[in-house]
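Notes follow the structure.
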Amino acid sequence: MNLSITTWNINSVRLRLPIVEDVLKTVAPDILCLQEIKCQNDEFPADALKALGYGNIIIHGQKGYHGVAIASRLPLTEDHRQDYCGVGDARHISAIFEWGGRRIRIHNFYVPAGGDEPDRTVNPKFGHKLDFIREMRELKAGAEPGVSAILVGDLNIAPLENDVWSHKQMLKIVSHTPVETEGLLDIMREGAWVDLMREHVPADQKLYTWWSYRAKDWAAADRGRRLDHIWSSEDLKANLRGIEILKEARGWEKPSDHVPVTARFSL
DNA sequence: ATGGTAGACGATCTA
């Protein structure tokens with residue numbers, strides 16, 4: 001009995017619906033978690049996804065910015081949207097599904113990018129990001145008795161040295177500053193979350209999920225960052241069979257700057 | 001050291 005989950009910052013689901021459909025047909029995950037859908041709930045292309053077998057869709061949309069959604073072949077129950085930092089942004093949605101006799105809550109996050117200046121006294125967006133990840137520390141993998149947990153999304157932080165192309169050159173760049181990387185590792189440690197991508201790819205190997213739109217030649221420069229993540233509660237670690245990062249998606253026509261990341265599990 | 005691209009929206013804002 002297999003289970004696969006894909007996370008993808010799509011940077012406008014309406015503009016990129018054709019490549020979403022391609023991924024659903026080829027990667028064919030059981031559950032797709034999207035971030036930056038950039039539309040309101042009633043604008044989400046639910047019918048197109050339902051036509052491909054993803055009949056269970058929950059959305060936390062917002063006009064113009066942010067927004068997250070989960071499209072699933074498996075029924076989703078007990079869905080919840082948390083307003084982190086109480087600012088009304090659509091950056092989180094979660095629900096419970098059943099697999100192999102387990103109940104599993106899946107969380108889909110879009111953490112604030114944080115602006116350019118890594119100093120909250122001059123850049124409120126950075127302060128918002130730090131407040132957001134501080135609030136995420138309350139979220140424990142074992143929060144609900146008898147319920148396993150998976151946390152995915154664009155966390156906008158590359159926590160390890162080999163999650164960026166140059167650790168030294170990135171230390172003062174938002175997404176890899178110590179206050180962010182340590183903050184993310186604190187969430188993992190205190191919440192007993194397992195970094196499934198690093199279970200599968202050792203920490204001494206470079207691993208990226210995002211390449212900037214601003215590079216002249218993203219593939220030649222290969223200055224990527226691992227901003228997208230898949231975590232789980234400890235009990236699911238033994239069921240992990242593989243991680244796939246669809247790097248080729250960055251080279252498609254009109255790509256997102258993030259690529260789909262898929263975790264495959266089996267019993 | 002700097003500036004570079006992308007999307008939604010329609011004023012720039014967010015990334």
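Model, not experiment: these values are computed from the prediction. Chain identifiers are assigned alphabetically (A, B, ...) following the order of the sequence lines, protein sequences preceding nucleic acid strands; residue numbering begins at 1 within each chain.
Of the candidates B:dA8, B:dT14, B:dC9, the closest approach to any side-chain atom of A:Leu15 belongs to B:dA8. Distances were taken from every side-chain heavy atom of A:Arg16 (C-beta onward) to each of B:dT14, B:dT5, B:dA6; the shortest belongs to B:dA6. The side chain of A:Lys254 approaches B:dG7 more closely than any other nucleotide in the set B:dC9, B:dG7, B:dT5.
The pair A:Arg250-A:Asp257 does not meet the salt-bridge criterion, since no charged nitrogen lies less than 4.0 angstrom from a carboxylate oxygen. A:Lys206 has no carboxylate O lying under 4.0 Å from a charged side-chain N of A:Glu161, or vice versa, which leaves the two without a salt bridge. Under a 4.0 Å N-O distance rule, the pair A:Arg91/A:Asp83 does not qualify as a salt bridge.
Rounding to whole angstrom units, CH2 of residue A:Trp218 and C1' of B:dG4 are separated by 18 Å. In this structure, the CG atom of A:Asp154 is 15 Å from the C1' atom of B:dG7, given to the nearest Å. Between A:Gln62 atom CD and B:dC9 atom C1' there is a gap of 14 Å when expressed in whole angstrom units. Across the protein-nucleic acid pair, A:Leu17 atom CG and B:dG7 atom P stand 15 Å apart, rounded to whole Å. Atom pair A:Arg14:CZ and B:dA6:P shows a separation of 19 Å (rounding to whole Å applied). The interatomic distance linking A:Gln169 (CD) with B:dA1 (P) rounds to 12 Å, in whole Å. As rounded to whole Å, 7 Å separates atom C1' of B:dC9 from atom NZ of A:Lys63. Regarding A:Asn156, its CG atom lies at a distance of 14 Å from the P atom of B:dT14, rounded to whole Å.
The side chain of A:Lys125 contributes no N or O atom lying less than 4.0 Å from OP1 or OP2 of B:dC13. In this model, the phosphate group of B:dT5 is not approached by any side-chain N or O of A:Arg250 to a distance below 4.0 Å at OP1 or OP2. Close to B:dA15, at under 4.0 Å from its OP1 or OP2, lies a side-chain N or O of A:His66.
The aromatic rings of A:His92 and A:His80 stand perpendicular to each other, their planes meeting at an angle above 60°, with 30° marking the opposite boundary.
Here the shortest heavy-atom pairing between A:Ile70 and A:Cys33 reads CG1-SG, 4.0 Å.
Contacts of A:Arg225 with the nucleic acid, taken as non-hydrogen atoms under 4.0 Å apart, are absent. Nucleic acid contact class of A:Lys216 (heavy atoms, under 4.0 Å, all strands): none.
Annotation: of the two residues near DNA chain B, A:Glu43 and A:Arg214, the 5′-most nearest-nucleotide partner is A:Glu43. Heavy-atom nearest nucleotides on DNA chain B were determined for A:Tyr213 and for A:Pro112, and the one closer to the 5' end corresponds to A:Tyr213.
Comparing B:dG3 with B:dA15, their C1' atoms are spaced 16 Å from each other, to the whole Å. Remark: the separation of the P atoms in B:dT14 and B:dC9 is 14 Å, to the nearest Å.
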